[in-house]
Amino acid sequence: MENLFRLVDHEDFFSRRCIWVNGPIIVGAGPSGLATAACLREQGVPFMLLERADCIASLWQKRTYDRLKLHLPKQFCQLPKLPFPEDFPEYPTKKQFIEYLESYARHFEINPQFNECVQSARYDETSGLWRVKTVSSSGATRNEVEYICRWLVVATGENAECVIPEIEGLSEFKGEIIHACDYKSGESFRGKKVLVVGCGNSGMELSLDLCNHHASPSMVVRSSVHVLPREVFGKSTFEFAVMMLQWLPLWLVDKIILILAWFVLGNVEKLGLKRPATGPLELKNTKGKTPVLDLGALEKIRSGEIKVVPGVKRFNNGEAELVNGEKLDVDAVVLATGYRSNVPYWLQEGEFFSKNGYPKTSFPHGWKGNAGLYAVGFTKRGLSGASSDALKIAQDIGKVWKDETRQKKQRTTACHRRCISQF
């Protein structure tokens, strides 16, 4: 720590509080950050968890629709060291999952620093430490803090910022436009003609929800998509696939899954849903593209209650012109166009993370970079991938922490180190 004071730029010293963190900083208090914090707690490693929102799992609490349930069985979605309550259903609701996360934080005594938005994080090669600058607002007061730490864990995940597509005329559209992150229920769209842009799990579910609330949705399908039944033979399709992968090659499991999907759902291509040439599991592993698990939307498509349309060319006032020349009267637009990582906006680093905000090294090796930098929740494998990363990160940091703590206990001479503040 001899170089600690070199960290503080002269002009910044009196305008910003500097805090030394005795352990890693975790950025993001979603499931990935909570899982890492819990695993570090089990290793006896102190940490600081920074969260820009005013609650844990803000994506789940503030940016998800009311009818949302976990798409996979709960055993594939639980975080390390603490399973779901036994009385929870196989597919917990949004409310139940949030309750689980809150109980998880209480169980492991995880207390994030809320309303702390990270502006930048960079590695200081002179000192071998990370400098993490944050801004927090309390009323009219704006506070700037610079945290200094040895390890930095990026847990902001794959869904930090919503994606808004560039479509000609969208900004001039007269009707209501919302992203899926702001959609709660179809009740407010009752009786309206709604264009849902996107046909992933969110696009399908929102279209179904709109139908159930007596709206008239049209769903934009621009590219190919795998639609699978959520269950086959009374068992989760995902669970069935995982079981088969223990004995069969991935390509064969893909073929079996698609045959079962055809048996249960019929020929979805007749409904305007063209399947990709690559199998669903291979596509998930190579591109991170998740297949759609049908919860009833296909039945509504067959009945005509959900209309499948091609891409949008442009918007004109209250009208959407499609790429095939067809024109639709539209009252509202829901953009189920997904999310992206926000890492490039604040992390000043180019070796570990790529420009799209994901680690350059693919799963299962994308959890550790150089100079004490780690990533959790970027595997494109959901909560199970985040849990796997969290365990590895905690074990890696914990080994160093325990070795150094043991060495300090063996010292016989006094050692003094000055720091600005300690956690």
Could you walk me through whether E161 and R52 pass the salt bridge (Lys or Arg N to Asp or Glu O under 4.0 Å) check? CA-CA 13 Å; E161 304 292 339; R52 64 179 177 177; 2.9 Å; yes
Taking only residues at least two apart or on different chains, which pairs with a member in residues 297-314 satisfy salt bridge (Lys or Arg N to Asp or Glu O under 4.0 Å)?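 Matches after skipping sequence neighbours: E168-R314, K300-E305, K307-E326, R314-E321.
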Step by step, work out the side chain to side chain contact (heavy atoms under 4.5 Å, CB included) result for V153 and I25. CA-CA 6 Å; V153 181; I25 283 180; over 6 Å; no
So D329 and E319, do their side chains get closer than 4.5 Å, heavy atoms only?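 In contact.
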Are any non-hydrogen side-chain atoms of V154 and V376 less than 4.5 angstrom apart?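 V154 does not reach V376 side chain to side chain.
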Could you check, using the six-membered ring where one of them is a Trp, whether F353 and F378 have ring centers closer than 6.0 angstrom?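 Yes: the rings meet the under 6.0 Å criterion.
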May I ask you to check whether W60 and F97 place their ring centres under 6.0 Å from each other?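 Yes - the distance between ring centres of F97 and W60 falls below the 6.0 Å cut-off.
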Distance-minimising heavy-atom pair for [X] and [Y]:
X: I178; Y: E176; value: CG2-OE2, 3.5 Å
X: S224; Y: R275; value: CB-C, 3.8 Å
X: I26; Y: G33; value: CG2-CA, 3.9 Å
X: P217; Y: S207; value: CG-O, 3.6 Å
X: T379; Y: A386; value: OG1-N, 4.3 Å

Would you indicate whether [X], at its atom [atom1], is surrounded by more than 12 heavy atoms from other residues, nucleotides or ligands within a distance under 6.0 Å?
X: K399; atom1: NZ; value: no
X: E351; atom1: CD; value: no
X: R222; atom1: CZ; value: no
X: K81; atom1: NZ; value: no
X: N370; atom1: CG; value: no
X: E125; atom1: CD; value: no

Can we say [X] and [Y] salt-bridge, meaning some charged N sits less than 4.0 Å from an Asp/Glu carboxylate O?
X: D209; Y: K184; value: no
X: K192; Y: E187; value: no
X: E146; Y: R131; value: yes
X: E144; Y: R142; value: yes
X: K368; Y: D396; value: yes

Answer yes if the side chains of [X] and [Y] hold a donor-acceptor pair under 3.5 Å, and no otherwise.
X: Q96; Y: K69; answer: no
X: K94; Y: T64; answer: yes
X: E116; Y: S136; answer: no
X: R63; Y: N159; answer: no

Just one of H71, E231, K74 clears the side-chain hydrogen bond (donor to acceptor under 3.5 Å, both in side chains) bar with Y91, so which one?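 Of the listed options, the one satisfying the test is E231.
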Quick check against the 3.5 Å criterion: does D124 have a side-chain atom that pairs as donor or acceptor with the backbone of G128?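 Here the side-chain-to-backbone pair does not exist.
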Working for side chain to side chain contact (heavy atoms under 4.5 Å, CB included), residues V220 and C199: CA-CA 7 Å; V220 173; C199 62; over 6 Å; no
Derivation and outcome, side chain to side chain contact (heavy atoms under 4.5 Å, CB included), residues H226 and L283: CA-CA 9 Å; H226 279 299; L283 196 62; 4.1 Å; yes
Qualifying residues under ring pair (Phe, Tyr, Trp, His ring centres under 6.0 Å), relative to F76, sequence neighbours excluded: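 Per chain and number, F76 pairs via ring pair (Phe, Tyr, Trp, His ring centres under 6.0 Å) with F238.
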Pairing residues for Y339 by the side-chain hydrogen bond (donor to acceptor under 3.5 Å, both in side chains) criterion, not counting sequence neighbours: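 Here no residue qualifies.
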Assess the residue pair Y374 and T36 against the criterion (side chain to side chain contact (heavy atoms under 4.5 Å, CB included)); give the C-alpha distance rounded to whole Å, side-chain angles, the decisive distance to 0.1 Å, and a yes or no. CA-CA 11 Å; Y374 297 90; T36 307; over 6 Å; no
